[in-house]
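Here's the structure we're looking at; comments come further down.
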Amino acid sequence: MRNVNWNQVQESNGSFEAPPAGGYVLAICGIKDVVPKEAGKTEYLQCFYDIADAYEPENKKFVGFFGRRKEEKGWELPSFKCYLSDAALGLFKRFLIVIEKSNQRSGFIADKFDNQEQKLVGFVLGAVLTNREYWNRNTNRLAVALDADWKNIYPVSQIMEGDFKVPPIKKYEGEIPTNNAAPTSYTPFSSVNDAEIPF
């Protein structure tokens, strides 16, 4: 065993404090335009974010949380997806209007967006982050993920005025494996489950 000075090590119970579900202001830190090669899959923007503010005073300590985690552990920033199928263009327009209302000093106008997605980096928007259960295959137990969904985005002013509702946790609906076997179905860790999108 390696030589460790245990006097210099702080005790830990293995858990760490993470942002709870609630109303937040998110900063768009990066965008990736994803064009799937598989037939039937639709193009989407993957919007990577960090927390810029929080409605609940006790959650303001999580400003910059995901950026710090990325620096310390090398974990990717969380993201949500904005789909570009014909059926989803109305939702995408709503996303652009939320950007416009949340960044009025920038001069951004949704109707004049020139489809240059990188111009959206640096903008803020309001969002309700929600909890979702999933099966953690590394620990073989149920865990809870914090999700952003582009259907739960709002102007920053609406979030900071408390005009939102946090939905109940989305329960895991797959089978619980036995004997440490992998589950027969599980929800992958992503901001949006593609199987739930009707387009």
Tell me the closest heavy-atom pair linking Glu43 and Asp33, and the distance in Å.
OE2-OD1, 2.6 Å
Would you say the side chain of Leu142 lies within less than 4.5 Å of the side chain of Trp135, judging by non-hydrogen atoms?
yes
Over 12 foreign heavy atoms within 6.0 Å of NZ, Lys60
yes
NZ/NE/NH1/NH2 to OD/OE distance under 4.0 Å, Glu17 and Lys61:
yes
Can you tell me if Asn3 has over 12 outside heavy atoms packed within less than 6.0 Å of its CG?
no
Sequence neighbours excluded, which residues qualify as side chain to side chain contact (heavy atoms under 4.5 Å, CB included) partners of Ile97?
Lys93, Lys101, Ala110
At their closest point, which heavy atom of Pro19 faces which heavy atom of Tyr24, and how far apart are they?
CB-OH, 3.7 Å
Between Phe65 and Val63, is a side chain to side chain contact (heavy atoms under 4.5 Å, CB included) present by the stated rule, with each step listed?
CA-CA 5 Å; Phe65 173 84; Val63 170; over 6 Å; no
How about Ile169 and Val144: do any of their side-chain heavy atoms sit closer than 4.5 Å?
yes
Apply side chain to side chain contact (heavy atoms under 4.5 Å, CB included) to Leu146 and Thr130, showing your working.
CA-CA 6 Å; Leu146 186 68; Thr130 60; over 6 Å; no
If you take all heavy atoms of Tyr154 and Lys151, which pair is closest and at what distance?
OH-O, 4.4 Å
Arg68 side, atom CZ; Glu71 side, atom CD - distance, nearest 0.5 Å:
9.0 Å
Check whether any side-chain heavy atom of Arg69 lies under 4.5 Å from a side-chain heavy atom of Leu77, and answer yes or no.
no
Nearest 0.5 Å, what's the SG-CD distance between Cys47 and Glu117?
9.5 Å
Does Glu133 use its side chain to pair, donor to acceptor, with the backbone of Lys171 at less than 3.5 Å?
no
From CG (Asn138) to CZ (Arg141), nearest 0.5 Å:
11.5 Å
Search all heavy atoms of Trp150 against all heavy atoms of Ala88 and return the closest pair with its distance.
CH2-O, 3.8 Å
Report yes if some heavy atom in the side chain of Asp149 is under 4.5 Å from a heavy atom in the side chain of Leu129; otherwise report no.
no
Hey, are the side chains of Leu45 and Lys81 touching, using non-hydrogen atoms and a 4.5 Å cut-off?
no
So, for Ile51 and Asp53, which heavy atoms are closest and what is the spacing to 0.1 Å?
CG2-O, 3.5 Å
Is there a side-chain contact between Phe80 and Gln46 (heavy atoms, below 4.5 Å)?
no
Under 4.5 Å between any side-chain heavy atoms of Tyr83 and Val34, yes or no?
no
Looking at side-chain heavy atoms only, is the closest gap between Ser85 and Tyr44 below 4.5 Å?
no
Under 3.5 Å donor-acceptor pairs involving side-chain atoms of residues 120-128, not counting sequence neighbours:
none

Evaluate the side chain to side chain contact (heavy atoms under 4.5 Å, CB included) criterion for residues Phe48 and Ile31: first the C-alpha distance (whole Å), next the side-chain angles of each, then the deciding distance (0.1 Å), finally the verdict.
CA-CA 6 Å; Phe48 298 91; Ile31 292 182; over 6 Å; no
Would you find a donor on one side and an acceptor on the other, under 3.5 Å apart, between the side chain of Ser102 and the backbone of Ile99?
no
Intermediate values then yes/no, side chain to side chain contact (heavy atoms under 4.5 Å, CB included), Tyr49 and Cys29:
CA-CA 5 Å; Tyr49 65 86; Cys29 301; 5.5 Å; no
Going by atom type alone, with no hydrogens or angles, which donor-acceptor pairs under 3.5 Å involve a side-chain atom of residues 156-168 and a protein atom two or more places apart or on another chain?
residue	atom	partner	partner atom	Å
Gln158	NE2	Asp163	O	3.1

I'd like to know if Asp147 pairs up with Lys170 as an ion pair, taking the criterion as any Lys NZ or Arg NE/NH1/NH2 lying under 4.0 Å from an Asp or Glu carboxylate oxygen.
no
Test of understanding: clusters of I, L, V, M, F, W, Y form through side-chain heavy atoms closer than 4.5 Å, transitively. Do Val98 and Tyr55 belong to the same one?
no
Check: Phe66 main-chain N/O paired with Asp50 side-chain donor or acceptor under 3.5 Å
yes
Euclidean distance, Leu96 CG relative to Asn115 CG, rounded to 0.5 Å:
8.5 Å
